[in-house]
Amino acid sequence: ANGVQPLLGYNFGSGDTKRFHGIESYTKKCCLFIGIAATALYFIFRRPIIQMFINDEEVIRYGIKMLIAYMISGPFIGILFTNMNCMQSAGKALPATVISVLRQGVLLIPFLYLLNALFGLNGVIYGQALTDCITVLLSIVFIPYCLNKFVLRNSQNELFIVIKTADFTFIVKSAVF
C-alpha cells in the first residue's frame, strides 16, 4: 500500500479523480486479497514458521498464540495504509498522522495496560489486533472527509476546483493555462 502514494499524489494533483479513485479501489482490493492469502498461510504454517526461529515447545506455544492474534487484522490492515496514503496524497497529512499516532500509541498503550489488567498476557497479545481494528474503522470514517476537494481540468485545459460537502458540490473556475 505504501508504494502507491506517488501515483495517488500525481493523480490527485492533476485533478484526475476517476483515476485516483480507481487506483485507490484497486489498491484496496489487492491489499485485501494479499492480506487474506498471507493470513491463511500464517495460520496454516504457524508452527513451522515459529520453529524456524526456536525449538523450545513452550515458546512455540506462545509464539503460535501471538502470531494468530497478530494476524487477526492481517486481511484488512492494508485498507488502513491505503486510506492513510490517500489522505497524505490529497494533502491531508494531519488526519493520516492522527490515525498513525492513534494506532501506535494513543490507543495501543492504554489498551495494553487495560487488556493486561483484564486478561493478563492473553490480553496483551490481542492489543495490537484490537488497535488495528479500531484504526481501520476510523480511517474508513475519515477518508470521505479528507477527499472532498479536487482540482480538475476540462478539455479546454481550464482549471476548476471542486469542493464536495455532504449537501453540496461547489465548482469554482480558477484560471486558464
Side-chain angles (χ1 to χ4, degrees), residues 1-13 17 20-43 46 49-50 53-54 59 61-151 163-167:
N2 290 335
V4 78
Q5 187 172 359
L7 191 56
L8 289 166
Y10 173 80
N11 285 288
F12 185 87
T17 59
F20 178 89
H21 288 298
I23 293 165
E24 174 191 12
S25 176
Y26 181 75
T27 303
K28 287 178 181 178
K29 288 174 189 172
C30 288
C31 287
L32 189 62
F33 175 77
I34 291 168
I36 290 169
T39 299
L41 288 172
Y42 280 121
F43 276 118
R46 58 189 180 261
I49 289 170
I50 301 298
F53 301 100
I54 196 154
V59 175
R61 277 198 327 271
Y62 280 114
I64 289 171
K65 203 185 272 192
M66 290 175 188
L67 185 60
I68 289 170
Y70 192 72
M71 291 312 299
I72 287 173
S73 62
F76 51 86
I77 194 69
I79 292 170
L80 170 69
F81 294 117
T82 303
N83 283 345
M84 288 173 28
N85 279 313
C86 287
M87 291 175 202
Q88 290 171 346
S89 297
K92 305 292 184 178
L94 182 61
T97 302
V98 167
I99 290 173
S100 180
V101 170
L102 283 172
R103 178 176 179 254
Q104 292 299 331
V106 174
L107 291 176
L108 179 60
I109 294 169
F111 276 146
L112 291 176
Y113 280 106
L114 176 66
L115 294 170
N116 182 48
L118 296 174
F119 305 109
L121 179 59
N122 286 330
V124 172
I125 290 172
Y126 287 92
Q128 184 70 58
L130 178 61
T131 303
D132 287 346
C133 293
I134 291 169
T135 53
V136 167
L137 293 174
L138 286 173
S139 78
I140 291 169
V141 170
F142 284 175
I143 195 76
Y145 298 105
C146 293
L147 300 181
N148 64 353
K149 181 180 175 187
F150 287 93
V151 177
I163 302 170
K164 295 180 181 180
T165 67
D167 301 315

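Position 1 is the first residue of the sequence, and the numbers go up from there.
Remark: Phe43 CZ is packed, more than 12 non-hydrogen atoms of other residues, nucleotides or ligands lying under 6.0 Å away.
Between Glu24 and Lys28, some side-chain heavy-atom pair lies under the 4.5 Å cut-off. By the 4.5 Å heavy-atom criterion applied to side chains, Thr131 and Leu107 are counted as neighbours. Side-chain contact between Leu80 and Ile77 is present, with heavy atoms from C-beta onward closer than 4.5 Å. Counting heavy atoms from C-beta outward, Val136 and Ser73 have side chains that stay 4.5 Å or more apart. Arg103 has its side chain within reach of Gln128: a pair of non-hydrogen atoms, C-beta onward, lies under 4.5 Å apart.
In this view, Tyr126 and Ala69, Ile72 satisfy the side chain to side chain contact (heavy atoms under 4.5 Å, CB included) rule, not counting sequence neighbours. For Leu138, the side chain to side chain contact (heavy atoms under 4.5 Å, CB included) criterion is met by Leu102, Ile134, not counting sequence neighbours.
The main-chain N or O of Gly22 is never found under 3.5 Å from a side-chain atom of Ser25 such that the two would form a donor-acceptor pair. Judged purely by atom type and a 3.5 angstrom limit, Asn11 uses its side chain to pair as donor or acceptor with the backbone of Leu7.
Annotation: the span from Thr135 atom OG1 to Leu130 atom CG amounts to 9.5 Å, rounded to 0.5 Å. Considering CE of Met87 and CG of Leu8, their distance stands at 12.0 Å, rounded to 0.5 Å. Here the straight-line distance linking atom CE of Met66 with atom CD1 of Ile68 works out to 12.0 Å at 0.5 Å rounding. The distance from atom CG of Asn83 to atom SG of Cys31, rounded to the nearest 0.5 Å, is 10.0 Å.
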Pair Phe76-Cys133, side-chain contact (heavy atoms from CB on, under 4.5 Å): steps then yes or no: CA-CA 8 Å; Phe76 51 86; Cys133 293; 3.5 Å; yes
Derivation of the side-chain contact (heavy atoms from CB on, under 4.5 Å) call for Cys86 and Phe20: CA-CA 9 Å; Cys86 287; Phe20 178 89; 4.0 Å; yes
Candidate pair Asn122 and Lys65, rule side-chain contact (heavy atoms from CB on, under 4.5 Å), full reasoning: CA-CA 9 Å; Asn122 286 330; Lys65 203 185 272 192; 3.1 Å; yes
Pair Met84-Ser100, side-chain contact (heavy atoms from CB on, under 4.5 Å): steps then yes or no: CA-CA 8 Å; Met84 288 173 28; Ser100 180; 3.9 Å; yes
